[in-house]
Amino acid sequence: MDNGGNLEAQIDALLNVEKQMRLAGDVAGTRKAACDILDLCFQSKAWKTLNDQIVVLSKRRGQLKQAVTAMVQQAMGYIDQTPDLDIRVELIKTLNSVSAGKIYVELERARLIKILAKIKEQQGLIDEAAELMQEIAVETFGAMAKTEKIAFILEQVRLCLDRKDYIRAQILSRKISPRVFDIDPSKEKKKPKEGDNIVEEAPADIPSLPELKRIYYELMIRYYKHHSDYLEICRCYKSIYEISSVKEDPEQWTPILRKICWYLALAPHDPMQSSLLNSTLEDKNLFEIPKFKSLLKQLVTMEVILWTVLWNEFEGEFDNEKNLLGGPLGEKAGEDLKQRVIEHNILVISKYYSRITLKRLSDLLCLSLQEAEKHLSDMVVSKALIAKIDRPMGIVCFQVVKDSNDILNSWSMNLEKLLDLVEKSCHQIHKETMVHKASLKV
């Protein structure tokens, strides 16, 4: 009891000193007096008194910003030294309420919320942790280091994905521009100009920019897997593959390159997929995994792929990769791969044939008449190719029907070419005749 009374007496004495310093406008003195009060409470392990004093000091009339900032920063150092979780949470909440709405301690508040969200997550309260993190818009903080901002937003995205809130995860992920990962830190300005905000150094536990890049794309893969967007997943893996630390280590890049190949094979045919396919085929590292080079080669070659032959060759590889392709997505991925092979075959046939019977088309695709017609119709609807089916005759026509203007234009072009050739021929004959006559005269 005596110790408690002694502590109160010491605090009262320091509060008087703090008041005098504050009224005199002495920043250093006020800051020291406030920090001494907190230190006194901490040394005496009086946690409740510590919380009360933080609130009292921050609410004192005309309290200086520098003193509040110093108090919050000092009290944050006590968080890891609290005896139990309840006291820790109480201290964090006290500091959070003190720093709320104060722009000069926004950085500290963001870090406090992150610690509190981690505690909530460890208790299994994912929804509460996600909602806590969403309160903070770190992209507006001028004093926060770039890597710390990115790490904070990525944590927000991860919590949204954990609670299956995919819409908010996408909105938050758009706060990060992928181009920020390609900036060379050595070329950025180091010394702030006069009048610039001073950017604080990121804490030691914040990952480096290449590590953040990998985390970002891994989270985006989780998001795109939910929508089965194979091409975007492939592009994310491609970005991870291009990180220098990954590209230098065969143990890291080999599984990633395998995934790139699989997702390229699963992605629907379009210009972006075609471009990625060709650029991947040119990669020298693909020679290390010849089976996957063969898979991509078959997709690029304008020849019909027999599904049964392809599946017999790659079924083992696909089963090995199934878990990596996302568990439940595995079965769907198998069906999608078959669908891509059928689409490839229809595109190949459309290049070689202008007209073909449905019977012959279904034989080439190894499908029934109904299935062949359905796949062809789906591709026409998605504008992947142009075709018309004459059902009574059972004939598919891949030619584009030209209107009268197009036909007349092509005729006039052909006539122009013909007349041009006739004129050139006449000129050559005339030239030869003149040369022949000249030689006779001589």
Side-chain angles (χ1 to χ4, degrees), residues 221 224 228-242 246-247 249-326 329-353 356 360-367 372 375-376 378-379 382 384-385 398:
I221 287 164
Y224 289 122
S228 298
D229 193 337
Y230 298 125
L231 187 60
E232 287 299 331
I233 296 171
C234 176
R235 290 176 70 190
C236 290
Y237 275 121
K238 192 90 172 161
S239 299
I240 294 172
Y241 177 70
E242 281 161 7
V246 173
K247 213 156 191 184
D249 182 5
E251 283 188 13
Q252 285 191 57
W253 65 248
T254 305
I256 291 170
L257 190 55
R258 286 163 65 100
K259 288 190 183 73
I260 290 169
C261 294
W262 273 123
Y263 283 111
L264 271 174
L266 288 164
H269 179 81
D270 70 4
M272 176 65 79
Q273 186 259 6
S274 184
S275 170
L276 271 173
L277 196 59
N278 287 306
S279 66
T280 306
L281 266 170
E282 289 167 13
D283 192 332
K284 290 184 177 69
N285 289 340
L286 208 58
F287 286 104
E288 302 293 323
I289 43 174
K291 222 169 184 186
F292 287 87
K293 188 174 176 68
S294 147
L295 173 68
L296 297 190
K297 201 80 181 160
Q298 286 184 60
L299 293 170
V300 169
T301 310
M302 291 307 284
E303 287 178 11
V304 170
I305 301 169
L306 289 172
W307 167 249
T308 47
V309 175
L310 182 96
W311 188 242
N312 287 339
E313 188 182 347
F314 289 99
E315 188 177 4
E317 294 287 348
F318 187 79
D319 287 339
N320 291 343
E321 209 80 23
K322 192 185 279 186
N323 294 330
L324 302 170
L325 289 171
L329 190 67
E331 293 305 319
K332 189 177 182 303
E335 291 167 21
D336 287 341
L337 185 62
K338 187 175 182 180
Q339 176 86 1
R340 293 296 96 80
V341 170
I342 293 166
E343 286 174 10
H344 167 83
N345 290 344
I346 292 172
L347 284 167
V348 170
I349 292 163
S350 72
K351 293 278 190 296
Y352 285 108
Y353 290 86
I356 188 171
R360 176 71 179 136
L361 179 70
S362 60
D363 290 345
L364 287 168
L365 296 174
C366 306
L367 297 170
H375 285 295
L376 184 63
D378 289 343
M379 286 186 75
S382 65
L385 61 85
F398 292 112

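Computation of the quantities below employed the complete heavy-atom set of this structure, encompassing side-chain atoms and omitting hydrogens, waters and symmetry-equivalent molecules.
- Considering only heavy atoms from C-beta on, V304 stays 4.5 Å or farther from L365 through its side chain.
- Between the OG1 atom in T280 and the CD atom in Q273 there is a gap of 9.5 Å [rounded to 0.5 Å].
- The CG atom of L364 sits 11.0 Å away from atom CD1 of I346, with the distance rounded to the nearest 0.5 Å.
- When every heavy atom of L310 is checked against every heavy atom of Q298, the shortest pair comes out as CD1-OE1, 3.5 Å.
- Classification of the Y263-Y237 ring pair by plane angle, with boundaries at 30° and 60°, yields parallel.
- For the side chain to side chain contact (heavy atoms under 4.5 Å, CB included) with K238, the lone residue among I233, L264, I260 that qualifies is I260.
- Atom NE2 of residue H375 and atom CG of residue L361 lie 10.5 Å apart, to the nearest 0.5 angstrom.
- The shortest distance between side-chain heavy atoms of K351 and M302 falls below 4.5 Å.
- Y230 contributes atom OH, which lies 7.5 Å from atom CZ of R340 (distance to the nearest 0.5 angstrom).
- Here the side chain of D336 pairs no donor or acceptor atom with the backbone of L266 at under 3.5 angstrom.
- Within the 4.5 Å cutoff, the side chain of V348 has no heavy atoms near those of the T301 side chain.
- Under a 3.5 Å cut-off, the side chain of S274 and the backbone N or O of P271 do not form any donor-acceptor pair.
- Judged purely by atom type and a 3.5 angstrom limit, H269 has no side-chain atom pairing as donor or acceptor with the backbone of L347.
- Counting heavy atoms from C-beta on, the side chains of L276 and L231 come closer than 4.5 Å.
- I221 CD1 to K259 NZ: the interatomic distance, rounded to the nearest 0.5 Å, is 8.0 Å.
- Within 6.0 Å of NZ in K297 there are 12 or fewer heavy atoms belonging to other residues, nucleotides or ligands.
- One finds the OG atom of S275 at 7.0 Å from the CE atom of M272 (value rounded to the nearest 0.5 Å).
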